[in-house]
Amino acid sequence: MTTIIEPAEDLSVLTGLTEITRFAGVGTAVSSASYSQAELLEILGIEDPKIRSVFLNSAIERRFLTLPPEERGGARAAEPQGDLLDKHKKIAVEMGCRALEACLKSAGATLSDLRHLCCVTSTGFLTPGLSALIIRELGIDPHCSRSDIVGMGCNAGLNALNVVAGWSAAHPGELGVVLCSEACSAAYALDGTMRTAVVNSLFGDGSAALALVSGDGRVPGPRVLKFASYIITDAVDAMRYDWDRDQDRFSFFLDPQIPYVVGAHAEIVIDRLLSGTGLRRSDIGHWLVHSGGKKVIDAVVVNLGLSRYDVRHTTGVLRDYGNLSSGSFLFSYERLADEDVARPGDYGVLMTMGPGSTIEMALIQW
């Protein structure tokens with residue numbers, strides 16, 4: 001006989017949370033110029049039919065990018081690493097400020113209400129970190145506590161959510177914000193290789209912020225219940241951002257097998273996330289998956305038994321923005337929030353994937 005465990009009325013009892021952290025608001029921003037995939041092929045002078053196929057079969061229509069300046073004749077030359085770092089600092093701060101202000105407006109809060117800022121970026125290195133630069137830029141109270149998550153990649157937004165949810169639970173009633181700001185234009189190399197083409201066909205600039213608060217039952221957003229993580233240690237090098245000696249700069253590498261590796265391990269993580277809750281996958285009404293790429297999304301859909309409707313926000317974000325790295329899942333959450341279809345008691349799963357190779361998940365409830 002199989003014993004069926006019914007979902008607990010209050011899952012916080014099972015997850016050990018004494019203070020419930022809720023989403024209080026969300027905001028996003030992108031860089032100033034957008035391009036279709038066809039436009040980018042022409043601008044970058046790409047004629048190789050295999051590379052053109054990668055761009056045109058990506059399920060991406062447009063992306064926001066800050067391209068290298070035009071040279072004589074209209075060509076775009078690869079930028080030296082120093083210029084790319086300058087670009088990252090400028091774009092990440094500018095987008096981050098706009099996303100943060102939009103998030104606080106969504107939460108009905110102001111800059112003076114902010115008590116903790118956790119910034120995420122993997123497309124450049126900054127010391128002092130992005131949090132300090134944004135606090136200075138916006139004139140935020142210099143007593144605001146902060147943290148920076150650098151170099152974890154596309155999965156890092158959920159790592160940051162875990163950090164700020166813990167901070168929020170320890171500081172009831174105070175406002176914390178997760179801010180992901182990825183200037184992917186500052187992580188591009190232009191060399192005509194297939195390794196570079198895969199990356200250049202996929203990523204776009206974007207910033208997303210999520211406000212969190214605990215101990216306030218008036219906040220209407222979903223509450224954070226549980227996290228689960230998994231590092232696929234056999235595939236640690238399958239996604240990486242490392243020094244390219246030939247290009248004399250950092251560059252991304254994505255193993256062609258990574259979608260299938262992620263898909264094959266997704267069940268392990270969702271089973272751990274739901275373990276002890278009494279919930280089945282069929283009880284999850286809302287799925288917000290990182291827009292990692294068409295093949296990655298397809299692999300997750302197949303291996304978790306999801307429908308195209310379940311990942312409509314994920315595929316919509318990929319179509320309209322490309323892969324926005326760590327903030328992608330928050331762009332999807334913003335779309336779900338705008339739909340206003342989630343009802344009290346509904347469960348949702350957030351899922352991000354990135355270097356490690358790593359899968360992160362979170363369970364939320366409205």
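Here the structure is a predicted model, which means the values were calculated and not measured.
- Counting only residues at least two apart or on different chains, the side chain to side chain donor-acceptor pair (under 3.5 Å) pairs with a member in residues 230-240 are R240-D242.
- Pairs of residues two or more places apart, or lying in two chains, that qualify as side chain to side chain donor-acceptor pair (under 3.5 Å) and include a residue from residues 127-143 are S131-R146, S131-D148.
- A salt bridge does not link E71 with R76: every distance from a Lys NZ or Arg NE/NH1/NH2 to an Asp or Glu carboxylate oxygen is 4.0 Å or more.
- Using modelled atom types, no side-chain atom of Y321 and backbone atom of G316 make a donor-acceptor pair closer than 3.5 Å.
- Within a 6.0 Å sphere centred on CD1 of I231, heavy atoms belonging to other residues, nucleotides or ligands number 12 at most.
- Note: L117 CG to L100 CG = 6.0 Å, rounded to the nearest 0.5 Å.
- Although no hydrogens or angles enter the test, the distance criterion places no donor-acceptor pair under 3.5 Å between the side chain of D346 and the main chain of A342.
- Remark: the backbone N or O of S251 is not paired with any side-chain donor or acceptor of D244 at under 3.5 angstrom.
- Taking the salt bridge (charged side-chain N to carboxylate O under 4.0 Å, His left out) definition, one finds that K295 meets it with nothing, sequence neighbours left out.
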Donor-acceptor pairs are to be reported for all side-chain atoms of residues 153-161 against protein atoms at under 3.5 Å, with residues two or more places apart or in another chain.
unit_1	atom_1	unit_2	atom_2	d
N155	ND2	N159	OD1	2.9
N159	ND2	E360	OE2	3.1

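- Checked against L114 for a side chain to side chain contact (heavy atoms under 4.5 Å, CB included), the options S145, C144, C103 give a single hit: C144.
- Put simply, the side chain of T121 gets close to the backbone of S181: a donor and an acceptor are under 3.5 Å apart.
- Here F250 pairs with Y241, W243 under the ring pair (Phe, Tyr, Trp, His ring centres under 6.0 Å) rule; sequence neighbours left out.
- With S168 contributing its side chain and T21 its backbone, the two residues share no donor-acceptor pair below 3.5 Å.
- At least one donor-acceptor pair closer than 3.5 Å links the side chain of S201 to the backbone N or O of V198.
- Under the salt bridge (Lys or Arg N to Asp or Glu O under 4.0 Å) criterion, the residue pairs touching residues 313-323 are D320-R335, with sequence neighbours excluded.
- No hydrogens or angles considered: nothing links the side chains of T314 and H290 as a donor-acceptor pair under 3.5 Å.
- In this structure, CG on L318 lies 5.5 Å from OG on S291, to the nearest 0.5 angstrom.
- Atom CZ of F253 sits in a crowded spot, with more than 12 heavy atoms from other residues, nucleotides or ligands closer than 6.0 Å.
- Put simply, the side chain of Q365 never gets that close to the backbone of P222: no donor and acceptor are under 3.5 Å apart.
- Applying the salt bridge (charged side-chain N to carboxylate O under 4.0 Å, His left out) rule to E94 yields the partners R98; only residues at least two apart in sequence or on another chain are considered.
- For H88 (side chain) and L84 (main-chain N/O), no donor-acceptor pair under 3.5 Å exists by modelled atom type.
- Checked by atom type and distance alone, the side chain of S106 never pairs as donor or acceptor with a backbone atom of G25 at under 3.5 Å.
- Surrounding CZ of R245 are at most 12 heavy atoms belonging to other residues, nucleotides or ligands under 6.0 Å away.
- Each salt bridge (Lys or Arg N to Asp or Glu O under 4.0 Å) pair with one or both residues in residues 112-132, not counting sequence neighbours, would appear here, but there are none.
- Checked for salt-bridge contact, E39 and R62 meet the test: a charged N lies under 4.0 Å from a carboxylate O.
- Side-chain N or O atoms of S207 include one that pairs as donor or acceptor with a backbone N or O of C180 at under 3.5 Å.
- Residue pairs meeting the salt bridge (Lys or Arg N to Asp or Glu O under 4.0 Å) criterion with at least one member in residues 263-277, sequence neighbours excluded: E267-R281, D271-R281.
- For the residue pair H313 and E334, no side-chain donor N or O sits within less than 3.5 Å of a side-chain acceptor on the partner.
- The side chain to side chain donor-acceptor pair (under 3.5 Å) analysis of residues 43-54, with sequence neighbours excluded, yields the pairs E42-R52, S53-N57.
- Ring pair F203/F252 is parallel by interplanar angle, where below 30° counts as parallel and above 60° as perpendicular.
- Judged as a salt bridge (Lys or Arg N to Asp or Glu O under 4.0 Å), the pairs with a partner in residues 299-308 (not counting sequence neighbours) are, in order, D298-R308.
- Considering only residues two or more places apart in sequence or on other chains, T315 meets the side-chain hydrogen bond (donor to acceptor under 3.5 Å, both in side chains) condition with none of them.
- A donor atom on one side chain and an acceptor atom on the other are found under 3.5 Å apart for S185 and D205.
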